[in-house]
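The first residue of the sequence shown is numbered 1, and numbering continues consecutively from there. Just so it is clear, the values below take in all heavy atoms, side chains as well, and ignore hydrogens, waters and symmetry mates.
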Amino acid sequence: MRGRRRRAREPDPVPEPFTIDEEVSHLTRIRSEPTQRTLGDFRPGHKRAMSTLELLSGRESGRMRSGGFSTADCAYTARKHMPTKGPWCVDDMNSEAYVSQFSSDGSLLVAGFRAYSSLSPIVHIVNVQSAGKESQANVTEIHDGLEFSNDDDDEYSFGIFSVKFSKDGQEIVVGNSDRSINVYDLRANKVSVRIRAHAADVNAVTFADESGNVLYSGSDDNLCKVWDRRCLAREKPAGVLTGHLDGITFIDSRGDGRYFISNCKDQTIKLWDVRKMSASIKGRQPRFFDWDYRWMSFPSEARHCRHPNDQSLATYRGHSVLRTLIRCYFSPVHSTGQRYIYTGSSDESVYIYDMVTGDIVEKLSWHGSIIRDCNWHPYNPTIVSSSWDGYLARWEASGDEDDPCLLTENEQRTSPYLTKGKPPKVYSLNSSYGQIRLGST
């Protein structure tokens, strides 16, 4: 039309190359690669990667002057055996699997399903050491409910989205739909700390380290915050970290009180250093797109948008975060030196990223629905994934392909309700960390 100028279409943002802070990159390599002493014993002046066979044969032949492997050497050797085989079935339920977690010593695997979960201000604790007992809410004595609401609150005044034990097992911290963080003192049997922490739902909260003094939180207000319980004046955080463009779904601490990662509805995982936090929010939070992750696809034009005040050390892209609060973690210290970051995904896969390079080193695919959670055994090359298809699946570095628990394409499904009415199955998880038997009901 005359007199009217057509508006040119703005080009899509160009993907930025992966970058990472040099300090955390160096610290990670130190913990997950052969030491300079080992390299000097085997290959003076050479830096080419060493194979597991070369390291083991060199140690057996006496070429190592130190006489044994360092912790980093062990982690380097162990991380070469990635848990990519399988999967084998751990359990098959008529309900969506939401959570799968190994205990800190790897002796137990705990799983949570939709039929067992509800949104309320109560956290239920079960004594899993009571062998032979079945725990049912408000029925057996081994099932205790911890009340987080105030006396004047309604029965379902808010829902709890995130729960984490302290290292010593004496406290529980939760994040909730009341935009708050609460800490429950198990010895005093009461809520000891209440913080009005964010401007929206608190989806993620965790302890920074074993001291329990510092907390990390993430919210639908797009912010990560750091809280020091020793100086909680006027509910003000110790610092704020900006960089995400949408709500945070999960936070995992590296355990050193310095670094943590966050998963987000903007389809990224970010790595943070608390030393880079700000005292307050810098400018207004940008809003590049309008969508709802619960039922919409992520806008393609927003995939490579960047926060103008991004304080993160690195950003990992490739997985998908839709419909539920998908979790992410650092890989174990013992077997990988925390070299990797891994996450579930709404595209039915587990993604494993190299923390230093940002590359997707493995993608574990078999499930027929969203993988909300997955957990790497603290010592063995095993990952257990929990999916909305109702399966708990086990991935190993090696395994028996004749095992009847090996899952096949014929057993894939998009929903656990598609097999409702089938007789219950019981599977055993056999390994060096013991036997866990889980049965569907």
Visitor: Looking at Ala200, is its backbone amide N or carbonyl O close enough to the side chain of Asp220 to form a donor-acceptor pair, meaning the two atoms are under 3.5 Å apart?
Guide: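 No, because the side chain of Asp220 does not come within donor-acceptor range (under 3.5 Å) of the backbone of Ala200.
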Visitor: Of the non-hydrogen atoms in Thr35 and Asp73, which two are nearest, and what is the gap between them?
Guide: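 Looks like N-OD1, 3.1 Å.
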Visitor: Check for me whether Arg413 meets the cation-pi criterion with Tyr391, that is, NZ or CZ under 6.0 Å from the six-membered ring centre and within 45 degrees of the ring axis.
Guide: yes
Visitor: Using the rule side chain to side chain contact (heavy atoms under 4.5 Å, CB included), only one of Val183, Ile181, Asn182, Val163 pairs with Val205; which is it?
Guide: Ile181
Visitor: Would Phe289 and Phe298 count as a close aromatic pair, with their ring centres under 6.0 Å?
Guide: yes
Visitor: For Val350, run the side chain to side chain contact (heavy atoms under 4.5 Å, CB included) check against Ser365, Ser385, Pro83 and tell me which one passes.
Guide: Ser385
Visitor: Quick one: are the ring centres of Trp388 and Tyr98 less than 6.0 Å apart?
Guide: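 Aromatic pair counts; centres sit under 6.0 Å.
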Visitor: Between Ser103 (side chain only) and Leu108 (backbone N and O only), is there a donor and an acceptor less than 3.5 Å apart?
Guide: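 Checking the backbone N and O of Leu108 against the side chain of Ser103, a donor-acceptor pair under 3.5 Å is found.
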Visitor: Counting distance only, does the side-chain N/O of Thr206 pair as donor-acceptor with the main-chain N or O of Ile251 below 3.5 Å?
Guide: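 Pair absent, no side-chain N/O of Thr206 close to backbone of Ile251.
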Visitor: Checking Thr382 against Asn380 for the side-chain hydrogen bond (donor to acceptor under 3.5 Å, both in side chains) test, could you report, in this order, the C-alpha distance in whole Å, the side-chain angles of both residues, the deciding distance, and whether it holds?
Guide: CA-CA 6 Å; Thr382 303; Asn380 298 333; 5.3 Å; no
Visitor: For Ser345, is there any backbone N or O sitting under 3.5 Å from a side-chain donor or acceptor partner on His319?
Guide: no
Visitor: Counting distance only, does the side-chain N/O of His307 pair as donor-acceptor with the main-chain N or O of Asn309 below 3.5 Å?
Guide: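 Yes, His307 side chain to Asn309 backbone: donor-acceptor pair under 3.5 Å.
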Visitor: Yes or no on salt bridge (charged side-chain N to carboxylate O under 4.0 Å, His left out) for Glu210 and Lys167, after CA distance, side-chain angles and deciding distance?
Guide: CA-CA 5 Å; Glu210 61 184 13; Lys167 191 71 173 180; 5.8 Å; no
Visitor: Shortest non-hydrogen contact from Thr343 to Cys374?
Guide: C-SG, 3.7 Å
Visitor: What's the verdict on salt bridge (charged side-chain N to carboxylate O under 4.0 Å, His left out) for Asp228 and Arg230, showing C-alpha distance, side-chain angles and the deciding distance?
Guide: CA-CA 5 Å; Asp228 191 332; Arg230 295 163 295 189; 2.9 Å; yes
Visitor: Evaluate salt bridge (charged side-chain N to carboxylate O under 4.0 Å, His left out) for Lys190 paired with Asp185, printing each intermediate quantity in order.
Guide: CA-CA 6 Å; Lys190 66 178 183 179; Asp185 187 329; over 6 Å; no
Visitor: Taking the side chain from Arg229 and the backbone from Gly212, do they hold a donor-acceptor pair closer than 3.5 Å?
Guide: yes
Visitor: Main chain of Ser95, side chain of Tyr417: is a donor-acceptor contact present, judged purely on distance under 3.5 Å?
Guide: no
Visitor: Answer with yes or no after comparing the ring centroid distance for Tyr342 and Trp376 against a 6.0 Å cut-off, counting only values under it.
Guide: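 Yes - the distance between ring centres of Tyr342 and Trp376 falls below the 6.0 Å cut-off.
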Visitor: Judged by modelled atom types alone, do Gln338 and Tyr329 share a side-chain donor-acceptor pair under 3.5 Å?
Guide: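 Distance-only check fails for Gln338 and Tyr329.
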Visitor: How close do Lys236 and Ala279 get, counting heavy atoms only, and between which atoms?
Guide: CE-O, 4.3 Å
Visitor: In this structure, which one of Asp373, Val384, Leu109 forms a side chain to side chain contact (heavy atoms under 4.5 Å, CB included) with Gln101?
Guide: Asp373
Visitor: With a 3.5 Å distance limit and no angle check, can you tell me whether Arg194 reaches the backbone of Phe148 through a side-chain donor-acceptor pair?
Guide: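 Yes; judged by distance alone, with no hydrogens or angles, the pair exists.
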Visitor: Ring centroid separation for Tyr316 and Phe18, is it under 6.0 angstrom?
Guide: yes
Visitor: Checking salt bridge (charged side-chain N to carboxylate O under 4.0 Å, His left out) for the pair Asp209/Arg254: CA distance, chi angles, key distance, verdict?
Guide: CA-CA 8 Å; Asp209 56 26; Arg254 204 179 190 196; over 6 Å; no
Visitor: Does the plane of the ring in Tyr353 sit parallel, tilted or perpendicular to the ring in Tyr351? Use 30° and 60° as the thresholds.
Guide: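 Because their plane-to-plane angle is under 30°, the rings of Tyr353 and Tyr351 count as parallel.
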Visitor: Looking only at non-hydrogen atoms, find the nearest pair between Ala72 and Glu33 and report the distance.
Guide: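 Heavy atoms of Ala72 and Glu33 come nearest at CB-O, 3.4 Å.
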Visitor: For Gln267 and Arg317, indicate whether the former's side chain and the latter's backbone hold a donor-acceptor pair under 3.5 Å.
Guide: no
Visitor: Which heavy atom of Ala393 sits nearest a heavy atom of Leu407, and at what distance?
Guide: CB-CD1, 4.1 Å
